[in-house]
Novice: 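Starting off with a structure, shown below.
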Amino acid sequence: MADRTFYVTTPIYYVNDAPHIGHGYTTTMGDVLTRWHRQRGESVFYLTGVDEHGQKVLRKAEANGVDPQEWVDGLVEREWKPMLATIDVANDDFIRTTESRHEVGTQAFWERLRDRDAVYKGEFSGYYSVSSEEFVGDDDVVDGEGDDEGFKISSLDGSRVEHMTESNYFFRLSDYQQQLLDFYEANPDFIAPASARNEVISFVSRGLTDLSISRSTFDWGIRVPWDDDHIFYVWIEALLNYVTAVGYGSADSGDSERFERMWPADVHIVGKDIVRFHAIIWPAMLMAAGLPVPHRVFAHGWILVGGQKMSKSKANGIHPNQIVETFGSDAYRYYFSRALTFGNDGSISWEDIGARYHAELANGLGNLASRVAAMVGKYFDGVLPAAGPSTPAEDAIIELVATATADADAAIDAIAPQDAVAAVWRIVDALNGYVTEQQPWQVAKDESQRERLGTILATTAEGLRALAVLLHPVMPKATVVLWESLGAVDAIGPLADQRIADAPRWGQLPAGTPITKSPALFPRIDLDVAEPGA
RNA sequence: GGCGGGGUAGCUCAGUCGGUCAGAGCGCACGACUCAUAAUCGUGAGGUCGCGGGUUCGAGCCCCGCUCCCGCUACCA
């Protein structure tokens, strides 16, 4: 149990187009979460990837005159993988559904379900649009008017539809209604937040129908192993990435051992639009296969882009690059972690990012590091002084770091990164207040108070040391710079090796450690010239 | 239509079991300070907690009605 791997996933993103801010958000949150767990010393596996099959991708490729594999290869290399570097994500794996490990695992999984009689051949019927070559949901079918009078048309694209029946394979999803409801009841934390849970339960309570799992009208997908005329429906195939990535279905014994060790996942992070797939279909599939279901599905909300600078017609089509280019990846990660409540919808705006960047990162943390390093340089020639006797002011700081650390740690377990960052930030605010109140620049004028001066600066340096550790999961780059400026690498060791639980332990930076003033951690930015073009 | 969530200071939002809950941050105003990235610290400014009823000794927090916004109501992912 102690060696269990903390396994977190993002959805695999549909490579229909380039990534936007929503993808970046999901991926960043998972990264903050997993980095924190690594910083605890836990074994962690963070998976992300892309979903590449399906009719939409096929169409897009055809429209661009290339074969689908070539099309997705290009997008993945040009857009999707680079995004991870842009926002500084430390994923352990990146799965593509066109990889053979996924195809092999998918086929093995469905063979297994077929063997267990969870699959049957049936007929799927519905309204089919010949021109767009796809089935249209009943809700999107309306009576035609004018030239289309007397016909049914798709409200999506106005094309005429006709009722058609197709031979398909089905998964007996309807068998799992009660099992799922019992499961939700027995595992109240399985779906979070509560709003998502409510929707899922109400949906399942209304009854489930079997799910068609194959398609035969196009061939961009994974072949159904027992019927060459069919490919798997993209969703029921894509979900399997969570198991195929960790070795499911592989003939290699090392892979199956890995699967045993890793599965089930601890958290599937998803957007609230795809909760149903993850909280209903996915667990039902696993139940049918006799495999454990994941521990949690966490649905986050939408990012609403406010402020005319970013919204306009582009709305959610903001590329993460726009923010990172101006503010940097650390600020990007910080902003989304801090300013939004994970699980709720939230508003972002260019103005708000700029405001928080300056108020919290530049003026708060950055300036704190700057003033401390400057004083150690000025009063002690850049060498950390020894701390003398503590006063209640120092005790309060030490106490605060301990409680803030505990609060932040608890917030991470609750998947509330915004609360974790807020808790840690109490340290930033307290240290700025401490420095101001202790007035080391006044103390420095009195040669007889050298020890007191040393105590004040050593205390502040220790506080920064703790901050570097606690904020490393959120801002990997800036905290390393801070760590180096504190001379902590040589004195204590690499930042990544520092444990959350050890952060509050006082006195780790020994007297004599060289403190250097690094360039501003978060330099002020002239937003009048930095706004993204329309 | 049904189900679910929301409408709290200019802005973004907290408010767990009803009783210092009327809050935080930003912005703004005034003051202090000068180590620091024109940064920091302190103080203040008062919002009928969407509207109208009700329950209660007492209600953003419970109940009823109304209004506005949003999500879900299965095979595009």
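Letters A, B, ... mirror the listed sequences (proteins, then strands); counts begin at 1.
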Novice: For the ring pair A:Phe342 and A:Tyr25, is the centre-to-centre distance below 6.0 Å?
Specialist: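 Yes.
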Novice: Which value, in whole Å, describes the distance between the C1' atoms of nucleotides B:U12 and B:G4?
Specialist: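 Going atom to atom, C1' in each nucleotide, I get 24 Å.
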Novice: Could you pull out all donor-acceptor pairs under 3.5 Å where a side-chain atom in residues 480-487 of chain A meets a protein atom, sequence neighbours excluded?
Specialist:
| from | atom 1 | to | atom 2 | distance (Å) |
| --- | --- | --- | --- | --- |
| A:Trp483 | NE1 | A:Gly493 | O | 2.8 |
| A:Ser485 | OG | A:Leu482 | O | 3.0 |

Novice: In whole Å, I'd like the distance from the CZ atom of A:Phe342 to the P atom of B:A14.
Specialist: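 After rounding, the reported distance stands at 15 Å.
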Novice: Between C1' on B:A77 and CG on A:Asp273, what's the gap in Å once rounded to a whole number?
Specialist: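 Nearest whole value for this atom pair: 9 Å.
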Novice: A:Lys272 side chain: which of B:G71, B:A77, B:C72 is closest?
Specialist: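 Taking heavy atoms from C-beta onward, the closest nucleotide is B:G71.
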Novice: Expressed in whole Å, how much space separates the P atoms belonging to B:C51 and B:C68?
Specialist: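 Per the computed distance, 15 Å lies between those P atoms.
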Novice: Contact class for A:Gly343 vs. all strands (heavy atom < 4.0 Å): base, sugar-phosphate, or nothing?
Specialist: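 Since no nucleic acid heavy atom lies under 4.0 Å of A:Gly343, the category is nothing.
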Novice: Rounded to whole angstrom units, what separation is found between the CD1 atom of A:Ile201 and the P atom of B:U73?
Specialist: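 Atom CD1 in A:Ile201 sits about 16 Å away from atom P in B:U73.
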Novice: Rounded to the nearest angstrom, tell me the gap between atom OH in A:Tyr357 and atom P in B:G25.
Specialist: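 From A:Tyr357 OH to B:G25 P: 22 Å.
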Novice: Does A:Arg96 pair with A:Glu99 as a salt bridge, N-O distance under 4.0 Å?
Specialist: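 So A:Arg96 does not pair with A:Glu99 through a salt bridge.
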Novice: Kindly say whether A:Lys60 contributes a backbone atom to a donor-acceptor pair with the side chain of A:Asn64 at under 3.5 angstrom?
Specialist: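 The answer is yes, because a donor-acceptor pair under 3.5 Å joins these two groups.
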Novice: Provide the closest heavy-atom pair for A:Asp51 versus A:Val234 in the form atom of the first, atom of the second, distance.
Specialist: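 A:Asp51 and A:Val234 have their closest heavy atoms at OD1-CG2, 3.4 Å.
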Novice: For B:G15 versus B:A9, give the span between their C1' atoms, rounded off to a whole number of Å.
Specialist: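 These two C1' atoms come out 14 Å apart once rounded.
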Novice: Under 3.5 Å, side-chain donor or acceptor atoms of residues 371-381 of chain A against the rest of the protein: list the pairs with distances, not counting sequence neighbours.
Specialist:
| from | atom 1 | to | atom 2 | distance (Å) |
| --- | --- | --- | --- | --- |
| A:Arg371 | NH1 | A:Asn432 | OD1 | 2.9 |
| A:Arg371 | NH2 | A:Thr436 | OG1 | 3.4 |

Novice: Between A:Ser337 (side chain only) and A:Gln418 (backbone N and O only), is there a donor and an acceptor less than 3.5 Å apart?
Specialist: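 No; zero donor-acceptor contacts below 3.5 Å.
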Novice: I need the NE2-C1' distance between A:His278 and B:C75, as an integer number of Å.
Specialist: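 To the nearest whole Å, that distance equals 15 Å.
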Novice: Using a strict threshold of under 4.0 Å (side-chain N to carboxylate O), is an ion pair present between A:Asp446 and A:Arg452?
Specialist: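 Looking at A:Asp446 together with A:Arg452, the answer is no, because their closest N to O distance does not fall below 4.0 Å.
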Novice: Does A:His300 use its side chain to pair, donor to acceptor, with the backbone of A:Thr26 at less than 3.5 Å?
Specialist: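 Checking the backbone N and O of A:Thr26 against the side chain of A:His300, no donor-acceptor pair under 3.5 Å is found.
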Novice: Please confirm whether A:Trp80 and A:Tyr14 have ring centers closer than 6.0 angstrom.
Specialist: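 Between A:Trp80 and A:Tyr14, the centre distance exceeds or equals 6.0 Å.
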Novice: For A:Asp210, report the nucleic acid contact type (base, sugar-phosphate, nothing); a contact means any heavy atom under 4.0 Å.
Specialist: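 Base, at least one base heavy atom under 4.0 Å.
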Novice: For B:G58 and B:C62, measure between their C1' atoms and round to the nearest Å.
Specialist: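 After rounding to an integer number of Å, I get 13 Å for this pair.
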Novice: Quote, to the nearest angstrom, the C1' distance that separates B:A59 from B:G53.
Specialist: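 These two C1' atoms come out 14 Å apart once rounded.
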Novice: Between A:Glu360 and A:Tyr434, who's closer to the 5' end of RNA chain B by nearest nucleotide?
Specialist: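 Taking each residue's closest nucleotide, the earlier one in sequence belongs to A:Glu360.
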Novice: When the distance from CG of A:Leu180 to C1' of B:A74 is rounded to whole Å, what number comes out?
Specialist: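 After rounding, the reported distance stands at 14 Å.
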Novice: When you check every protein heavy atom under 4.0 Å of nucleotides 34-40 of chain B, what one-letter string (B, S, -) results, 5' to 3'?
Specialist: SBBB-SS
Novice: Answer yes or no: are there more than 12 heavy-atom neighbours, outside A:Glu185 itself, under 6.0 Å from its atom CD?
Specialist: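 Open.
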Novice: Looking only at atom C1', what distance separates B:A14 and B:G54, rounded to whole Å?
Specialist: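 B:A14 and B:G54 have their C1' atoms separated by 28 Å.
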Novice: Using heavy atoms and a sub-4.0 Å distance, could you list which residues of residues 417-427 of chain A are near RNA chain B? By number, please.
Specialist: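 Of all residues in residues 417-427 of chain A, none places a heavy atom under 4.0 Å from RNA chain B.
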Novice: On a whole-Å scale, what distance lies between the C1' atoms belonging to B:G60 and B:G6?
Specialist: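 B:G60 and B:G6 have their C1' atoms separated by 13 Å.
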Novice: Sub-3.5 Å donor-acceptor pair from the side chain of A:His23 to the main-chain atoms of A:Pro19, do we have one?
Specialist: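 The answer is no, because no donor-acceptor pair under 3.5 Å joins these two groups.
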Novice: Want to know the stems of RNA chain B: at least 3 consecutive Watson-Crick or G-U pairs with distances under 3.5 Å, which are they?
Specialist: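 Runs of three or more consecutive pairs: B:1-7 with B:67-73, B:10-13 with B:23-26, B:28-32 with B:40-44, B:50-54 with B:62-66.
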Novice: Would B:G52 be called syn or anti here, given the cut-off of 90° from 0?
Specialist: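 Judged by the O4'-C1' to base torsion, B:G52 sits in anti, the angle falling more than 90° away from 0.
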Novice: Less than 6.0 Å separating the ring centroids of A:Tyr242 and A:His278?
Specialist: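 Centroid distance A:Tyr242-A:His278: below 6.0 Å, so yes.
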Novice: Rounded to whole angstroms, how far apart are CZ on A:Arg215 and C1' on B:A77?
Specialist: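 The answer, rounded to whole Å, is 11 Å.
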Novice: Could you give the NE2-to-C1' distance, from A:His300 to B:G71, as a whole number of Å?
Specialist: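 In whole Å, B:G71 C1' lies 14 Å from A:His300 NE2.
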Novice: Using the C1' atom as the reference point in each nucleotide, state the distance between B:A29 and B:G10 in Å, no decimals.
Specialist: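 Comparing C1' positions in B:A29 and B:G10 gives a spacing of 14 Å.
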Novice: Is the backbone N or O of A:Asp229 less than 3.5 Å from a side-chain atom of A:Asp227, with the two atoms forming a donor-acceptor pair by type?
Specialist: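 Checking the backbone N and O of A:Asp229 against the side chain of A:Asp227, a donor-acceptor pair under 3.5 Å is found.
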Novice: Regarding A:Leu208, tell me which of base, sugar-phosphate or nothing describes its non-hydrogen contacts under 4.0 Å with the strands shown.
Specialist: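 Base, at least one base heavy atom under 4.0 Å.
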Novice: Answer yes or no on whether A:Arg197 is positioned over the face of A:Phe190, meaning its NZ or CZ is under 6.0 Å from the six-membered ring centre and within 45° of the axis.
Specialist: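 Judged by the rule (NZ or CZ under 6.0 Å from the ring centre, within 45° of its axis), A:Arg197 is not positioned above A:Phe190.
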Novice: Judged by atom type as modelled, is there a donor-acceptor pair below 3.5 Å linking the side chain of A:Asp330 to the main-chain atoms of A:Ala478?
Specialist: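 Pair found, side chain donor or acceptor close to backbone of A:Ala478.
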Novice: Indicate whether OP1 or OP2 belonging to B:A77 is found under 4.0 Å from a side-chain N or O atom of A:Tyr233.
Specialist: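 A:Tyr233 to B:A77 OP1/OP2: side-chain N or O found under 4.0 Å.
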Novice: Report each atom pair, protein N/O against N/O of nucleotides 3-13 of chain B, whose distance is under 3.5 angstrom.
Specialist:
| from | atom 1 | to | atom 2 | distance (Å) |
| --- | --- | --- | --- | --- |
| B:C13 | OP1 | A:Ser347 | N | 3.3 |
| B:C13 | OP1 | A:Ser347 | OG | 3.3 |

